[in-house]
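Notes follow once the structure below has been shown.
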Number of protein chains: 4
Amino acid sequence: MEFNNNIPIYLQIIDNIKQDIVVGKLKAGQKMPSVRELAGTLKVNPNTIQRVYQELDREKITYTKRGMGTYVTEEEKTISSLKEELSKKIILNFVEGMNKLGFSNKEMINTLKEYL
Amino acid sequence: MEFNNNIPIYLQIIDNIKQDIVVGKLKAGQKMPSVRELAGTLKVNPNTIQRVYQELDREKITYTKRGMGTYVTEEEKTISSLKEELSKKIILNFVEGMNKLGFSNKEMINTLKEYL
Amino acid sequence: MEFNNNIPIYLQIIDNIKQDIVVGKLKAGQKMPSVRELAGTLKVNPNTIQRVYQELDREKITYTKRGMGTYVTEEEKTISSLKEELSKKIILNFVEGMNKLGFSNKEMINTLKEYL
Amino acid sequence: MEFNNNIPIYLQIIDNIKQDIVVGKLKAGQKMPSVRELAGTLKVNPNTIQRVYQELDREKITYTKRGMGTYVTEEEKTISSLKEELSKKIILNFVEGMNKLGFSNKEMINTLKEYL
DNA sequence: GTGGTCTAGACCACA
DNA sequence: GTGGTCTAGACCACG
């Protein structure tokens, strides 16, 4: 995996994991790789993964059992609201951004269709 | 003006100026406020504005005449391509982001319409 | 190191680093000194070095890994084209300058040989 | 005439005048255009031309008679040594620059010949 | 420890 | 008055 140098690596990893959960690549209750393992796979500093899991735990997206590892939450509700939350953020970015550039609602839909 | 704490101030100012140019609030050839003046208005350090103008100059969006001040480019072409570039970036963010969340093209347009 | 007072220090440092890379004193992929370290060595403000590295990064001559440091590019191509670019600039200065003084091509080569 | 934005305009004008003198476009004793006239022709601030003449006067390349205007020096010696001085400077730049890039004397002559 | 940003304030060259 | 550079020093995010 390649990282965009302008965005903190740990945020990029968090985003990827969230996406994997949303699309079902990571399932509810599933065990995540260990800190060291994931650090090795992604070739990043273990501290960075540590921070990733810590943040995901804080958002209740994962939970960590001492000495057992980190697991995807079992609350399906959290997962489905995660999808909503992420898409809302993306949509908001889009609408606000286009608005600031002077696009009306109609124009932005048309421009989007054109692009696709 | 208020600044988002997570994004460097100078980048936010750059973005704002670009938007002002794109929507015509700042016109081609128009004189920009002086470094010190804008710094005073926005209540930031002159160095920060210096950096803003320097970056805009580098992108040919403005040009600076020694001892005279900084001006919006007179190339209408640069301005229109700026609008394209900015909107492209926003659209790309949207499409890629939604894609990664598992939205098909149709779904993302529908979700967008729903939101508006 | 001593600085020419008429040229910005950061430009002089940039030039020196480029020369060190071109002549192989700094090798591809090699770690550069940290901002603070180089600032200490050259007895300039860390901000000045910051600017140096930023500019070199922008020209793809170095790259910076967050929290890790700044490194000479690993692209040998970039380095060799850097040498070309720098020498081209010097030659152009010479030829154009001598031309403007009324030297023919033959004359300028002879005058140069004489000098050496 | 177009000015390079990175070099002070007054220096560029000085250089041009010196070149004109060296190649004989401006002759010994000849009257230079008035400050206002030259400023008009070059579309620069009269202050800038003022400084140009002041500097040329200081280098004894021109002399100014109060209320009469500015004239090219009548000392042919000054003019011929001007040519030497300017070409020396150009040659020195070339040789030192190429040296720093690791070119030997032979190499720099060959590269130069190749270019021409 | 590393780079990135920002403030405060100074001095200079330029037009 | 204008931009350009530099210092001094602080604080933060990142790995």
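Letters A, B, ... are given to chains in the order of the sequence lines, protein chains preceding strands, and every chain is numbered from 1. All heavy atoms count here, side chains included; hydrogens, waters and symmetry mates do not.
Among the heavy atoms of the strands lying under 4.0 Å from C:V44 are primed sugar atoms or P, OP1, OP2 only; no base atom is included. Contacts of A:N45 with the nucleic acid, taken as non-hydrogen atoms under 4.0 Å apart, involve only primed sugar atoms and P, OP1 or OP2. Residue C:Q54 is classed as having no contact, given no heavy-atom separation below 4.0 Å to the nucleic acid.
Looking at D:E85 and D:K88, no side-chain N of the basic residue comes within less than 4.0 Å of a carboxylate O on the acidic one, giving no salt bridge.
Two residues, B:T48 and C:R36, neighbour DNA chain E, and the one matched to the more 5' nucleotide by heavy-atom proximity is C:R36. Projected onto DNA chain F by closest heavy-atom contact, B:P33 and C:Q12 fall at different nucleotides, the more 5' of which corresponds to B:P33. Map B:E37 and C:G67 each onto its nearest nucleotide of DNA chain F; the residue landing nearer the 5' end is B:E37. Nearer the 5' end of DNA chain E, as judged by each residue's closest nucleotide, is the contact made by C:T64, out of C:T64 and D:R51.
Using modelled atom types, one finds a donor on one side chain and an acceptor on the other under 3.5 Å when comparing C:Y63 with C:E74.
Summarising the geometry, atom CG belonging to B:L42 is positioned 8.5 Å from atom CG belonging to B:N16; distances are rounded to the nearest 0.5 Å.
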Check the pair B:T70, B:T62 against side chain to side chain donor-acceptor pair (under 3.5 Å), reporting the backbone distance first and the verdict last.
CA-CA 7 Å; B:T70 298; B:T62 60; 5.8 Å; no
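A 4.0 Å heavy-atom criterion places the boundary nucleotides of DNA chain E facing chain D at E:dC14 to E:dA15, written 5' to 3'.
With C:I61 as the fixed residue, the side-chain contact (heavy atoms from CB on, under 4.5 Å) test singles out one of C:I17, C:I21, C:I79: C:I21.
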